[in-house]
Amino acid sequence: MRTLETLSGGEWVTTGEWIDVHDPADVRAPIARIPALTAKDVTRVYDHAELAFAVWKRTSPFERARILTDATRLIRDRVEEIAADVTAENGKTLAEATGETLKAADFLEYYAGLARQGYGTLLHDVRPNHRTHTQREPIGVILVISPWNDPMITPARKLAPLLAAGNTAVFKPATETPLSGLHFARALHDAGLPAGVLNVVTGRTAEIEEALLDDPRITGITFTGSNAVGNRIRRRLADRNVRFQGELGGKNASVVLRDADLPAAAKAVVAASFGQAGQRCTATSRVIVEQPVYEEFARLLVLEVEALKVGPGTDPATTLCPLSSPKQRDSVLADLARATEQGAVVLTGGRADTEGDHEHGCYVQPTVLADVTPETAIWREEVFGPVLVVRAVDDFSEAVDAVNDSDFGLAAAVFTQDLSRAYRFADEAECGQIAVNTTTTGWDVHLPFGGFRDSGTAYKEQGDEVLRFSTRVKTVAVNIGSPEQVRV
């Protein structure tokens, strides 16, 4: 078992307490251990971030870009090592882990390029001989809290833009999957990131939550995770001038209209639903099908699902990995039990997979449920596992209403060959991400990302839209004439 250090003030440090990290494919023995920081350790981390901000915000954007570019190269050079650890701690397949690692490098590369451009706008001024512009500046020390489901790409999505803009960061990776985040931090450290610009807090949330969230030097918090935790953070910030960016829950729907290419739609829906065992914020978990093609689409869907191969992420033949922890496995199984009690019919799957080598892992069979109503809990609540619920509707309008009948609004897709209905769907679906004839997953680094309603806050991630969160706007007016020409 490996013993790892965490990054604080430019140094790799340990403590006297440890947290074990387990492989969800076989949870019997830990694969690594990480330091369990104390509240005092967290306060010292904020000391480092505050001191570093005074320097980093004045560091040349070209130097920031160089460091991010060098870190990009290091991650790509280390992709096999990093992907192996992503699989080991999260359970996803090596192919998924490799793709995630390379996409994390893409985020660094993209924001390295954006750092070179400068952010601002030239404005007309009613006063003669005046030149006025806006410029964007970093906001300060930002707390980054990332989840266990995408332990490499989510830190990259959050950290790359805020560092490129000149902020400093305190980064709290998920306790279940800290190895990936530590790889990301090491690449930046090895690329020459100055001490204290990025600091990693590993520890038990219950023991450090107050120190982590209540430090007065925090200017922003970016969080990906559950609505319960996100709303608790939001309430905690209610009387403080701290920005909050939240990417929260989802209950993403794919609509299959009667004119859709049904085999292609079935393949796309299964890819969106069961990649990473359904543990993606944009995973499709509801399928809404026009009645005339419902039976045929359900048949094709089940065939595609039953062709999936459940197994450990290290097996190249695996197409459905284990869930990321025993807790998550048990949560999904409880949701399935409640769904069948409420009348849902299992078309395929529906239980844990404990056969053979899967006995000590967190495996759940890929599951398709039917005969649900809009009131059924599993139709409305996020499961975050390999579970897909299918329901028939009469027409396009009813399909859109079904998509929008949700507390969430992250992603939705429509499958159709009718261009007018595709655009109508894009206009009428109340979601932040809309896909046509493709998956609800797979939004690239330069595409603004985020949901409506309870799926998130007004601050989006990715692209240049994320700068609204991590920078502030200053307006500058310069009189280029003589002082006596100034008019009030």
Side-chain angles (χ1 to χ4, degrees), residues 1-9 11-46 48-49 81-92 97 100 143-155 158-159 169-189 198-215 221 223-226 228-229 232-233 279 313 322-331 360-362 384:
M1 180 176 65
R2 289 180 293 162
T3 296
L4 302 179
E5 300 168 316
T6 195
L7 182 63
S8 177
E11 301 291 334
W12 293 95
V13 301
T14 62
T15 63
E17 296 291 328
W18 302 93
I19 299 172
D20 289 342
V21 180
H22 292 266
D23 182 348
D26 188 335
V27 299
R28 287 175 292 179
I31 59 171
R33 64 177 187 170
I34 58 169
L37 268 61
T38 66
K40 289 183 179 179
D41 295 326
V42 173
T43 299
R44 281 194 291 271
V45 161
Y46 280 110
H48 297 315
E81 174 191 355
I82 297 173
D85 274 347
V86 173
T87 293
E89 68 175 350
N90 173 271
K92 64 183 63 180
E100 178 174 348
L143 171 61
V144 175
I145 306 174
S146 69
W148 45 259
N149 64 309
D150 284 318
M152 187 72 181
I153 199 173
T154 305
K158 293 178 179 297
L159 287 165
V170 172
F171 167 40
K172 171 65 172 68
T175 304
E176 300 88 344
T177 55
L179 309 184
S180 308
L182 289 170
H183 274 298
F184 189 79
R186 186 168 291 280
L188 283 162
H189 176 267
L198 173 61
N199 309 273
V200 185
V201 172
T202 56
R204 298 178 181 90
T205 302
E207 298 174 3
I208 60 175
E209 180 175 5
E210 184 175 341
L212 196 63
L213 296 177
D214 294 346
D215 194 285
I221 297 178
F223 167 81
T224 295
S226 71
V229 176
R232 191 167 79 239
I233 294 173
Q279 298 171 120
L323 291 165
S324 293
S325 68
K327 178 182 177 181
Q328 186 62 18
R329 174 200 60 203
D330 295 344
S331 174
H360 301 288
C362 303
F384 223 62

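The shown structure was predicted, so the numbers you read here are calculated from the model rather than taken from an experiment.
Put simply, the side chain of Lys92 never gets that close to the backbone of Asp150: no donor and acceptor are under 3.5 Å apart. Side-chain N or O atoms of Arg204 include none that pairs as donor or acceptor with a backbone N or O of Thr175 at under 3.5 Å. The closest donor-acceptor contact from the side chain of Gln279 to the backbone of Trp148 lies at 3.5 Å or more, if one exists at all. The main-chain N or O of Ala36 is never found under 3.5 Å from a side-chain atom of Thr202 such that the two would form a donor-acceptor pair. No side-chain donor-acceptor contact under 3.5 Å links Glu89 to the backbone of Val21.
Note that CG of Asn199 is 11.0 Å distant from CD of Glu11, once rounded to the nearest 0.5 Å. Rounding to the nearest 0.5 angstrom, the gap separating the CG atom in Asn149 from the OG1 atom in Thr154 is 6.0 Å. One finds the CE atom of Met152 at 4.0 Å from the CD1 atom of Ile82 (value rounded to the nearest 0.5 Å). Interatomic distance, Lys40 NZ to Thr15 OG1, rounded to the nearest 0.5 Å: 14.0 Å. Here Thr224 contributes atom OG1 and Lys158 contributes atom NZ; the two are 3.0 Å apart, rounded to the nearest 0.5 Å. Here the CD1 atom belonging to Ile221 is positioned 7.5 Å from the CG atom belonging to Leu212, to the nearest 0.5 angstrom.
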**OP:** Please lay out, stage by stage, how Glu207 and Glu17 fare under the test side-chain contact (heavy atoms from CB on, under 4.5 Å).
**Re:** CA-CA 12 Å; Glu207 298 174 3; Glu17 296 291 328; over 6 Å; no
**OP:** Evaluate the side-chain contact (heavy atoms from CB on, under 4.5 Å) criterion for residues Val27 and Arg329: first the C-alpha distance (whole Å), next the side-chain angles of each, then the deciding distance (0.1 Å), finally the verdict.
**Re:** CA-CA 12 Å; Val27 299; Arg329 174 200 60 203; 5.9 Å; no
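Counting only heavy atoms from C-beta outward, the side chains of Val13 and Glu5 never approach each other to under 4.5 Å. Within the 4.5 Å cutoff, the side chain of Thr6 has heavy atoms near those of the Leu182 side chain. For the pair Asp215 and Leu143, the minimum side-chain heavy-atom distance is 4.5 Å or more. When side chains are defined from C-beta on, Val170 counts as touching Val201, because their heavy atoms get closer than 4.5 Å. The shortest side-chain heavy-atom distance between Asp41 and Val45 does not fall under the 4.5 Å cut-off.
Thr205 and Lys172 get closest at one heavy-atom pair: OG1-NZ, 3.7 Å. Contact between Pro178 and Ile34 at its shortest, heavy atoms only, is CG-CD1, 3.4 Å. Across Pro35 and Leu4, no two heavy atoms sit closer than the pair CD-O, 3.1 Å. Val86 and Ser180 make their closest contact through CG2-OG, 3.3 Å (heavy atoms, listed as atom of the first residue, atom of the second, distance). Considering all non-hydrogen atoms of both residues, Ser325 and Cys362 come closest at C-SG, 3.4 Å. Across every non-hydrogen atom of Leu37 and Val200, the tightest pair is CD2-O, 4.3 Å.
Donor-acceptor pairing under 3.5 Å is recorded for the side chains of Ser324 and Asn90.
A salt bridge is absent between Lys327 and Glu176: the closest approach of a Lys/Arg side-chain nitrogen to an acidic carboxylate oxygen does not fall below 4.0 angstrom.
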